[in-house]
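The structure appears right after this line, and notes come after that.
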Amino acid sequence: MTGDSSTTNSSTANEPVTPQSSSPGPFQKLLIAFMTAFESFLGFAPFIAVMSLQSSYTPDVSLGAGAFVALFVIFYSMMKEFVKSGCSMMTLSEYRPKSLDVGQFLLFGFLFLLAYISEKVSPGAGDIFVLWFNPFATGGMALIMYTSIVTGRPFVYDEAKAKMPPGLWQSLSSKKWFLEKLEKVAWFWTMTLTAMTAVITVQPILVTIFYYGDVNNDPTGTMATFGSIMTIIQFVILFYALFTQAQEGSKPARVKKRVCEVRDHGLSSKQKALYGAATPIDISLPSLDEAQTPHRIKSLASAEDIDLAATVLVDAYAGDDTYRSFLKTDAEKQIFFSSSVKAVACFNHVLACYDGGDYDLQQQQNNNNNNNNKLKPAAVMACIPVYSKSQEELNVFFSLEGWLQHGFVIPGATATDFPLPDDRLVELGEMKSRATHGLTKQPYIYIAYFGADSAKRGKGYGRSLLKYIIELSESKKVPLVLETTNAFNIRQYEKHGFKVVDHVKDQPKWVLMVRSVNENEADVGEIV
């Protein structure tokens, strides 16, 4: 095998690597904060206008005001784009308003017409609109959101596009994985508003059925109190949704903090005991080829050792197209493997296999010459023990932010021109997180990278590493997990008890493989 591919972790590795921009000054920060707050307010402005006026004016007037404010929001967004483009008339002719803005205008315009006609036909019918305004408005927005999703252009596309440079949006919107992430956000808010609608509709139904649509007909005041309680619950749902999205937005900063903490201070004593990181691995195994000297397996921790291991992986993956979509050169691959392996080396499972004789000779020369020259490994296996309940080993350390804190960059990348992983690679990396495989709820050892130096291939170094990690997984009673994109590799891993449990859509050779504990192992073939 030339190398076995592991992919980026799905929660964070799908983000582009871009250079840091200069920090804005105090006045710019204040202006940005003000504009952000103002534009957030605009999203609720039509609702606020109606709620503010409905106690003093008839429903048709308050709903008409809501429709007018919704129209103003569209006008504001259009003028904002006009100014951003340098007042180009071409921008005005090509401007496409956001689907939610148009939806709000149509919703409040429809409710205004309905209230106006009802008031003309049956004076006093406006009380029904006051009673049902909240369910109509909230449910209407949920329907607009749902419609945008099923028609193939979720409303969040507009929000994301407005916040990105055109070149950046063009690059990201060409990727299915990026659009799917936006669609998940759209479904989240659609379900949130649907839940809010269900809650706030209960009281109007009861009042309509038992009190002829007028809450004042309830002499006990129970319906009024019940309506207030439902409104509070509605806002609790909304605030929970906002909190959840804020937590998601702050995730990169929290990941960075955790990675830097371990990078600078190491794991805690408890964590070292969990991963066996207190004692570096250094064992000698008999070679599977009797004519060779014993093999030496060591866990790598120093930057120099890992850089040499990355060189081996670059060579091993030379004929593998798994990463070719965003790592074009050997220099880029070297940086990628080095930084991503360093990010998980703290778990003491980055393994290298050496020729025992060559290793002993190098150590003897170092002792004689009082130096610390490093020996290039014959084979490398970067494993990640996923033992924590949060699975932070993958979600935090084996992530883009984790790699960035260990030196990952793509030379020449700019804010709007950078390589992106293709859809196949992202799907491959996300498969182990699918609930159907049960891996999100149990500990396991993930073989992230596995490859041998081409000059050492065929001499059993890879088999020694695989034999060791299988024995470790058996002793820990945890399965082994890996991905591969090569039919030959699949057959070889199957000889070691691995089974294909999933594959990328329309790519049957891009597979997720799992070796459960106590699987019978056949006579092994050559893996590396």
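A salt bridge between Arg434 and Glu427 is present, with a side-chain N of the basic residue lying under 4.0 Å from a carboxylate O of the acidic one. Remark: Lys176 does not engage Glu183 in a salt bridge, criterion side-chain N to carboxylate O under 4.0 Å. The residues Lys432 and Glu483 are annotated as salt-bridged, a charged nitrogen and a carboxylate oxygen being separated by less than 4.0 angstrom. Salt-bridge check for Lys342 with Asp307: passed, with a basic side-chain N closer than 4.0 Å to an acidic carboxylate O. For the pair Arg153 and Asp158, the salt-bridge criterion is met [side-chain N within less than 4.0 Å of a carboxylate O].
Between the NE2 atom in His496 and the NZ atom in Lys467 there is a gap of 11.5 Å [rounded to 0.5 Å]. Between the CG atom of Asp453 and the CG atom of Leu308 there is a distance of 10.5 Å, given to the nearest 0.5 Å. Here the CD atom belonging to Gln245 is positioned 4.5 Å from the CZ atom belonging to Phe188, to the nearest 0.5 angstrom. From Phe235, atom CZ reaches atom CD1 of Ile237 across 11.0 Å, with rounding to the nearest 0.5 Å. To the nearest 0.5 angstrom, Lys328 atom NZ is 10.0 Å from Ile410 atom CD1. A distance of 10.5 Å separates CZ in Phe450 from OG1 in Thr484, rounded to the nearest 0.5 Å.
Two residues are said to be in side-chain contact when any heavy atoms from C-beta on lie closer than 4.5 Å; Leu472 and His349 meet this criterion. Looking at heavy atoms from C-beta onward, Glu332 lies in side-chain contact with Pro411 at the 4.5 angstrom threshold. Using a 4.5 Å cut-off on side-chain heavy atoms (C-beta onward), Met141 and Leu100 make contact. The closest side-chain heavy-atom distance from Ser473 to Val517 is not below 4.5 Å. The closest side-chain heavy-atom distance from Leu313 to Val341 is below 4.5 Å. Contact of the Val504 side chain with the Met431 side chain is registered, since non-hydrogen atoms from C-beta on lie closer than 4.5 Å. No side-chain heavy atom of Phe326 sits under 4.5 Å from any side-chain heavy atom of Leu420. Side-chain contact check for Ser340 versus Tyr449: some heavy-atom pair is nearer than 4.5 Å.
The two residues Leu179 and Tyr157 come nearest to each other via the heavy atoms CB-OH, 3.5 Å. For Gln271 against Ser268, the heavy-atom pair with the smallest separation is OE1-N, 2.9 Å. The shortest non-hydrogen separation linking Ile447 to Cys383 is CG1-SG, 4.1 Å. The two residues Cys260 and Gln405 have their closest heavy-atom pair at SG-OE1, 3.5 Å. Shown here for Leu300 and Ala309, the closest heavy-atom pair between the two residues is CD1-CB, 3.7 Å. Ser339 and Phe408 get closest at one heavy-atom pair: OG-CB, 3.2 Å.
Under the 3.5 Å distance criterion, the side-chain polar atoms of Asn348 are matched with a main-chain donor or acceptor of Gly276. With hydrogens and angles disregarded, no donor-acceptor distance shorter than 3.5 Å links the side chain of Asp305 to the backbone of Ala301. The backbone N or O of Ala452 lies less than 3.5 Å from a partner atom in the side chain of Arg457, making a donor-acceptor pair. Listed for the Ser338 side chain is no donor-acceptor partner under 3.5 Å among the backbone atoms of Ile335. At distances below 3.5 Å, at least one donor-acceptor pair connects side-chain atoms of Asp423 with backbone N or O atoms of Trp177. In this structure, Asp502 contributes its side chain and Leu512 its backbone to no donor-acceptor pair below 3.5 Å.
In this structure, Tyr493 and Phe498 have perpendicular ring planes: the angle between them is above 60°, well past the 30° mark.
Around the NZ atom of Lys256, the shell of radius 6.0 Å holds no more than 12 heavy atoms that belong to other residues, nucleotides or ligands. The number of heavy-atom neighbours closer than 6.0 Å to NZ of Lys161, taken from other residues, nucleotides and ligands shown, is 12 or below. Residue-environment remark: CD (Gln170) stays at or below the threshold of 12 foreign heavy atoms within 6.0 Å.
For the ring pair (Phe, Tyr, Trp, His ring centres under 6.0 Å) with Trp403, the lone residue among Phe337, Phe336, Phe397 that qualifies is Phe336.
Partners of Met191 under the side-chain contact (heavy atoms from CB on, under 4.5 Å) rule, at least two apart in sequence or in another chain, are Trp187, Thr194. By the side chain to side chain donor-acceptor pair (under 3.5 Å) test, Thr190 pairs with no residue at all, sequence neighbours left out.
A donor-acceptor contact closer than 3.5 angstrom links the side chains of Thr485 and Thr322.
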Would Ser433 and Glu430 count as a side-chain hydrogen bond (donor to acceptor under 3.5 Å, both in side chains) if you check the C-alpha gap in whole Å, the side-chain angles of each, and the deciding distance to 0.1 Å? CA-CA 5 Å; Ser433 299; Glu430 290 179 339; over 6 Å; no

Run Ile384 and Leu394 through side chain to side chain contact (heavy atoms under 4.5 Å, CB included) and show every step you take. CA-CA 8 Å; Ile384 305 174; Leu394 289 176; 3.9 Å; yes

Apply side chain to side chain contact (heavy atoms under 4.5 Å, CB included) to the pair Asp315 and Thr311, showing each step before the final yes or no. CA-CA 6 Å; Asp315 178 49; Thr311 302; 6.0 Å; no

For the pair Ile490 and Met513, evaluate side chain to side chain contact (heavy atoms under 4.5 Å, CB included) and give the outcome as yes or no after the intermediate values. CA-CA 8 Å; Ile490 295 173; Met513 303 189 75; 4.2 Å; yes

How far apart are the C-alpha atoms of Arg515 and Leu482, what are their side-chain angles, what is the distance that settles it, and do they pass the side chain to side chain contact (heavy atoms under 4.5 Å, CB included) test? CA-CA 9 Å; Arg515 186 189 189 279; Leu482 59 81; over 6 Å; no

Between Tyr275 and Glu393, does a side-chain hydrogen bond (donor to acceptor under 3.5 Å, both in side chains) hold up when you go through it step by step? CA-CA 11 Å; Tyr275 302 114; Glu393 301 89 349; 2.5 Å; yes

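Identified under the salt bridge (Lys or Arg N to Asp or Glu O under 4.0 Å) test for residues 259-274, with sequence neighbours left out: Arg258-Glu261.
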